[in-house]
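Heavy atoms only: backbone and side chains are in, while hydrogens, waters and symmetry mates are out. In listed order, ligands and their atoms are each counted from 1.
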Amino acid sequence: MTLPTGNKVNIQIVAQLLDRIQEGIHVVDINGHTLFYNEKMRNLEATEDMDLLDKRLLDVFRFHPDENSTLLQVLATKQPIINVKQTYFNANGIEITTLNDSYPIIVEGEIVGAVEIARDVSTKEQIMKSPGKTVHALSSFDHWTGTSPLIRDMIFEGKKASKTNSMILLIGEPGCGKERLAQSIHLERRLSSDTFHAIDCRSIQGERLHEEIFAGGGFLSGEANGTWFLDHLEYMDIPIQKRLTKELMEWKKKHRNVPHPLLYPILTVSKDPIDAIQSGRLDKELYYMMSDVTIFVPSLRQRKKDIPAICHYFINNFNERFQTKIEEVSHEVISLFTQYEWPGNVRELEHVIEASMFSMGHENILTFTHLPHYFRLKFSDPMSGAPPLDGSAFMVRKGKASQTLDAFLKEAESYYIQKSLQYHDYNITKTADALGMSRQNLQYRLKKNNLSKIKRSGTPI
Ligand SMILES: Nc1ncnc2c1ncn2[C@@H]1O[C@H](COP(=O)(O)OP(=O)(O)OP(=O)(O)O)[C@@H](O)[C@H]1O
């Protein structure tokens with residue numbers, strides 16, 4: 001049978017082809033509205049379950065640390081922007097690093113839109129940040145920051161588990177401290193530091209992972225000793241999970257009554273295991289076999305009370321590393337941190353503190369203005385008295401009849417101008433430049449949208 005032809009069919013063919021490739025593709029029209037978003041981009045941003053048509057403007061607002069959206073810049077300058085590295089936390093709290101190329105789309109000499117091509121380099125980035133598998137500076141239970149009941153329970157469970165020889169399953173969201181807990185259990189068992197081996201199934205897959213686990217010297221080779229920390233099982237291919245289940249069952253039978261086994265497996269899942277089983281990412285047998293001793297590591301949002309102590313801990317660490325003398329985080333920032341949901345958990349907080357301290361001069365108190373731009377955009381300046389700018393507030397309103405497109409676009413314009421002003425520290429010239437309009441035009445729109453009184457702490461615009 002020959003392929004049917006026609007524009008509609010051609011578009012479908014191209015869309016299906018683009019869904020099969022390993023680069024994320026995002027195409028916007030001249031107004032910055034999303035026209036196309038391929039499968040890989042949805043995976044990267046963890047937006048698989050979202051109706052992107054409802055999220056168009058939020059896609060456009062996906063600003064990254066210290067950078068404006070490259071797609072919007074290409075629309076404004078009509079010039080390609082190549083090889084821009086962007087690191088951010090996606091909707092599932094996973095840290096993603098991409099290398100992006102953005103190009104204008106030109107039709108008959110006119111720019112009609114822009115395309116972003118994102119190469120996922122997260123795995124390489126993680127390997128560069130943590131070379132080698134053996135960790136030397138391990139954290140013990142004495143170094144856990146936080147006193148909230150959930151953390152105290154977790155430490156209690158961790159110490160209890162370390163008195164057994166059982167295999168241990170840790171469940172918790174990305175960045176909440178599962179590896180840190182595994183290290184503490186390892187040290188509590190009085191095993192030597194250099195026998196803590198970590199295998200991250202997120203960065204090692206296929207044949208290599210198979211070798212790490214089953215080949216000579218590997219985890220289940222019978223020659224290994226110490227703690228084997230097998231991280232993110234839900235990323236392991238199902239056939240490897242099935243083989244692992246069989247071999248771990250054997251291991252359990254053999255070691256049930258051995259007082260000092262050579263091997264202590266600690267495994268992790270960073271998703272709800274029942275969801276992971278239902279979505280075909282976790283083998284049911286493996287889960288039931290390894291869940292005799294299960295410890296839940298709380299997310300940061302479940303223990304917000306610990307945020308000030310964790311900030312203090314990171315400030316001390318980075319002071320030592322950067323030779324700085326930052327003393328504290330302002331009350332306003334602590335209050336914003338407490339409102340925020342932290343999808344990337346303690347690791348995300350660590351990144352925010354690190355980036356903020358990097359941007360500080362001789363000040364000794366970390367305030368709102370030091371926070372990374374992408375993070376500030378999530379809130380309004382606590383000093384300005386303006387209400388927080390929440391995209392969903394105008395995008396989705398329960399119980400409100402749908403409005404005309406015209407009314408919606410007016411609201412969207414007002415929202416976007418406010419966001420841009422905030423991003424550019426309320427500087428009219430920079431905001432007008434970024435929006436691709438003259439100062440006069442921006443001032444007219446501020447007036448029209450009743451925004452001319454918006455200002456940053458005491459500075460009239
Ligand atoms: N209670 C804590 N006090 C201080 N630092 C912490 C605490 N919990 C976690 N961290 C730090 O947060 C970062 C993330 O922790 P860790 O790597 O253990 O998380 P994880 O749950 O294993 O993450 P992932 O699932 O992404 O591998 C590390 O730098 C760790 O040292």
(request) Please verify whether a non-hydrogen atom of Lys271 lies at under 4.0 Å from ligand 1. (result) no

(request) Check whether any heavy atom of Gly146 sits under 4.0 Å from an atom of ligand 1. (result) no

Identity and separation of the nearest protein heavy atom to [atom]:
atom: atom 26 (O) of ligand 1; result: Arg347 NH1, 2.7 Å
atom: atom 20 (P) of ligand 1; result: Lys178 N, 3.5 Å
atom: atom 23 (O) of ligand 1; result: Gly175 N, 2.9 Å
atom: atom 22 (O) of ligand 1; result: Glu179 N, 3.0 Å
atom: atom 2 (C) of ligand 1; result: Arg180 NE, 3.8 Å
atom: atom 10 (N) of ligand 1; result: Val346 CG1, 3.5 Å
atom: atom 16 (P) of ligand 1; result: Gly177 CA, 3.7 Å
atom: atom 3 (N) of ligand 1; result: Thr145 OG1, 2.9 Å

(request) Report the C-alpha separation of His143 and Arg180 in whole Å, then their side-chain angles, then the decisive distance to 0.1 Å, and conclude whether the side-chain hydrogen bond (donor to acceptor under 3.5 Å, both in side chains) test is met. (result) CA-CA 10 Å; His143 296 116; Arg180 201 178 169 91; over 6 Å; no

In terms of side-chain geometry, is the basic nitrogen of [X] or [Y] positioned less than 4.0 Å from the acidic oxygen of its partner?
X: Arg243; Y: Glu247; value: yes
X: Asp101; Y: Arg119; value: yes
X: Glu350; Y: Arg347; value: no
X: Glu341; Y: Lys304; value: yes
X: Glu173; Y: Arg301; value: yes

(message) Could you tell me if Asp231 and Thr268 have a donor-acceptor pair between their side chains, going purely by distance under 3.5 Å?
(response) yes

(request) Answer yes if the side chains of Asp292 and Ser166 hold a donor-acceptor pair under 3.5 Å, and no otherwise. (result) no

Considering only heavy atoms of [X], which atoms of ligand 1 have at least one such atom less than 4.0 Å away?
X: Tyr313; result: 4 (C), 5 (N)
X: Arg303; result: 1 (N)
X: Arg202; result: 26 (O), 27 (O)
X: Asp231; result: 27 (O)
X: Glu350; result: 12 (O), 13 (C), 28 (C), 29 (O)

Decide whether an N or O pair under 3.5 Å exists between [X] and ligand 1.
X: His232; answer: yes
X: His143; answer: no
X: Ile310; answer: no
X: Trp144; answer: no

(request) List the steps and the verdict of side-chain hydrogen bond (donor to acceptor under 3.5 Å, both in side chains) for Glu332 and Ser335. (result) CA-CA 5 Å; Glu332 288 82 13; Ser335 139; over 6 Å; no

(message) For Glu348, which part has a heavy atom under 4.0 Å from ligand 1: side chain, backbone, both, or neither?
(response) neither

(message) Test of understanding: given a 4.0 Å heavy-atom threshold, classify the contact between Glu173 and ligand 1 as side chain, backbone, both, or neither.
(response) backbone

(message) Check for me whether Arg42 meets the cation-pi criterion with Tyr37, that is, NZ or CZ under 6.0 Å from the six-membered ring centre and within 45 degrees of the ring axis.
(response) no

(request) Decide if the gap between the ring center of Trp342 and the ring center of Phe375 is smaller than 6.0 angstrom. (result) yes

(message) Is the distance between the ring centroids of Phe318 and Phe358 under 6.0 Å?
(response) no

(request) Evaluate the ring planes of Phe196 and His186, with Trp represented by its six-membered ring, and classify them as parallel (under 30°), tilted (30 to 60°) or perpendicular (over 60°). (result) perpendicular

